[in-house]
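Lettering follows sequence order; numbering is per chain, from 1.
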There are 2 protein chains.
Amino acid sequence: MAAAWHTTLSFEPPLYGVSISPKRATYKLITDSREFGINFLPFSAAELIAAVGGSDGRYIDKFEEFKIAAEKPRRTSVPVLKLAYCAYECHVVDDHEYGDHRLIVGRIVAVHLLKEAFTPEGVLDIAKTSPALYLGAEQYLDAGGAPVKRLEREKYGKKETP
Amino acid sequence: MAAAWHTTLSFEPPLYGVSISPKRATYKLITDSREFGINFLPFSAAELIAAVGGSDGRYIDKFEEFKIAAEKPRRTSVPVLKLAYCAYECHVVDDHEYGDHRLIVGRIVAVHLLKEAFTPEGVLDIAKTSPALYLGAEQYLDAGGAPVKRLEREKYGKKETP
């Protein structure tokens, strides 16, 4: 499925959360298998994101229908997409109801990266990866086309001394 | 504080979550008052985000130090920044430990919007608002400078019929 509500939750252990309606087919797949994958896709795959978001895995095989190429996962059986510049394999550690959605929290047990996706200092290279960001209302933003600037918080902030 | 890990969690009731280290001064402020504000700032305020992120409210008054103009909140006592194109006032409904952070979940009880921030159909106008997106490693992206395209999921997906 295509998910718009998700965030990192912890550095140590590395935890990632994704908010899913329990009505989605994906919800049952995750709670049955106790694992899930997070795939970060480039703007060039925005049509695929729309296609996956606009169909239901109970009735079609999305991998076959949309010719989605997958890689071999390392520590789970979750789908890792070849198109992803970054993907996480996660073990479910929590499943918590918040209103009409549930927050599925996973421990990241394997990370797949396109070698060129990150700079030598470990920062996502936005120009090279061109991440697709979903704005809501069927709109997708190409982060690779946006200006980026670096601002050291130590320079702009005030020293943390009493 | 400047927060990088946050997401919507539910439509009904409207819930928003933000992941905060319990070591931050903000964590105690929120858990004591049982309320918090979320302010979405434009790229033109990136230096302010860096300054707020690089200082500690236990030792300085950030509002005074960085000349942050605030508006009157409507249903809480939380800070609503004049610079924000969108801001939420929230009542805390949950505070859950996930690894080295805690997810503070709030019910949105008031919303402040710049009139020009949203299109008549209720979609964020990226070109007009130019949101600042934090990439990690002190890097800020100007979403207003990025291309956006609209892709109807119904068109790209497959009909959800058995």
Side-chain angles (χ1 to χ4, degrees), chain A residues 4-15 17 19 46-47 49-56 58-60 65 94 96 98-101 103 105 121-124 126 133 135-162, chain B residues 5-15 17 19 43 46-47 49-56 58-60 65 94 96 98-101 103 105 121-124 126 133 135-162:
Chain A
W5 297 349
H6 50 92
T7 182
T8 307
L9 290 168
S10 166
F11 284 117
E12 190 47 51
L15 300 179
S19 178
E47 285 79 3
I49 300 171
V52 166
S55 49
D56 188 325
R58 280 173 286 218
Y59 308 129
I60 61 164
E65 190 74 47
D94 196 34
H96 195 292
Y98 288 115
D100 53 21
H101 280 57
L103 184 69
V105 178
E121 46 183 344
V123 183
L124 187 66
I126 290 288
L133 301 184
L135 299 176
E138 317 299 341
Q139 294 191 90
Y140 299 81
L141 181 145
D142 178 4
V148 170
K149 69 180 169 188
R150 190 182 172 107
L151 302 169
E152 301 292 338
R153 72 186 76 185
E154 283 72 17
K155 185 179 155 197
Y156 289 88
K158 295 284 166 178
K159 282 220 171 62
E160 299 183 5
T161 44
Chain B
W5 296 350
H6 51 91
T7 181
T8 307
L9 289 168
S10 166
F11 285 117
E12 189 48 51
L15 300 179
S19 179
F43 188 68
E47 285 79 2
I49 301 171
V52 166
S55 49
D56 189 325
R58 280 173 286 217
Y59 310 128
I60 60 163
E65 189 74 48
D94 197 34
H96 195 293
Y98 288 116
D100 53 22
H101 280 57
L103 184 69
V105 178
E121 46 183 342
V123 183
L124 187 67
I126 290 289
L133 301 184
L135 300 176
E138 318 298 341
Q139 294 191 91
Y140 299 81
L141 181 145
D142 178 4
V148 171
K149 69 180 169 189
R150 190 183 171 108
L151 302 169
E152 301 292 339
R153 73 185 76 185
E154 284 72 16
K155 186 178 154 199
Y156 288 88
K158 295 286 168 178
K159 282 219 170 61
E160 298 183 6
T161 44

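In this structure, A:Phe11 and B:His101 have perpendicular ring planes: the angle between them is above 60°, well past the 30° mark.
For chain B, the option among A:Asp142, A:Leu135, A:Leu9 with the highest count of heavy-atom pairs below 4.5 Å is A:Leu9. Your options are A:Val105, A:Leu133, A:Asp100, A:Ile49, and the one with the most heavy-atom pairs under 4.5 Å with chain B is A:Asp100. Among A:Gln139, A:Lys149, A:His96, A:Glu152, the residue making the largest number of heavy-atom pairs under 4.5 Å with chain B is A:Lys149. Comparing A:Leu151, A:Leu141, A:Asp94, A:Thr7 by how many heavy-atom pairs each has under 4.5 Å with chain B, the most go to A:Leu151.
For A:Leu15, the part lying near chain B is the side chain, with the backbone staying farther off; criterion is any non-hydrogen pair under 4.5 Å. For A:His6, the part lying near chain B is the backbone, with the side chain staying farther off; criterion is any non-hydrogen pair under 4.5 Å. Only the side chain of B:Ser19 comes within less than 4.5 Å of a heavy atom of chain A; its backbone N, CA, C and O stay farther away. Only the side chain of B:Ile126 comes within less than 4.5 Å of a heavy atom in chain A; its backbone stays farther off.
In this structure, CD on B:Glu154 lies 12.0 Å from OH on B:Tyr156, to the nearest 0.5 angstrom. Annotation: the span from A:Arg150 atom CZ to A:Lys155 atom NZ amounts to 11.5 Å, rounded to 0.5 Å.
Of all non-hydrogen atoms in B:Ser55 and B:Ala51, the two that sit nearest each other are OG-O, 2.8 Å. Taking all atoms of both residues into account, the shortest heavy-atom contact from A:Gly17 to A:Leu103 is C-CD1, 4.0 Å. Nearest approach of B:Ser10 to A:Gly99, heavy atoms of both residues: OG-CA, 3.4 Å.
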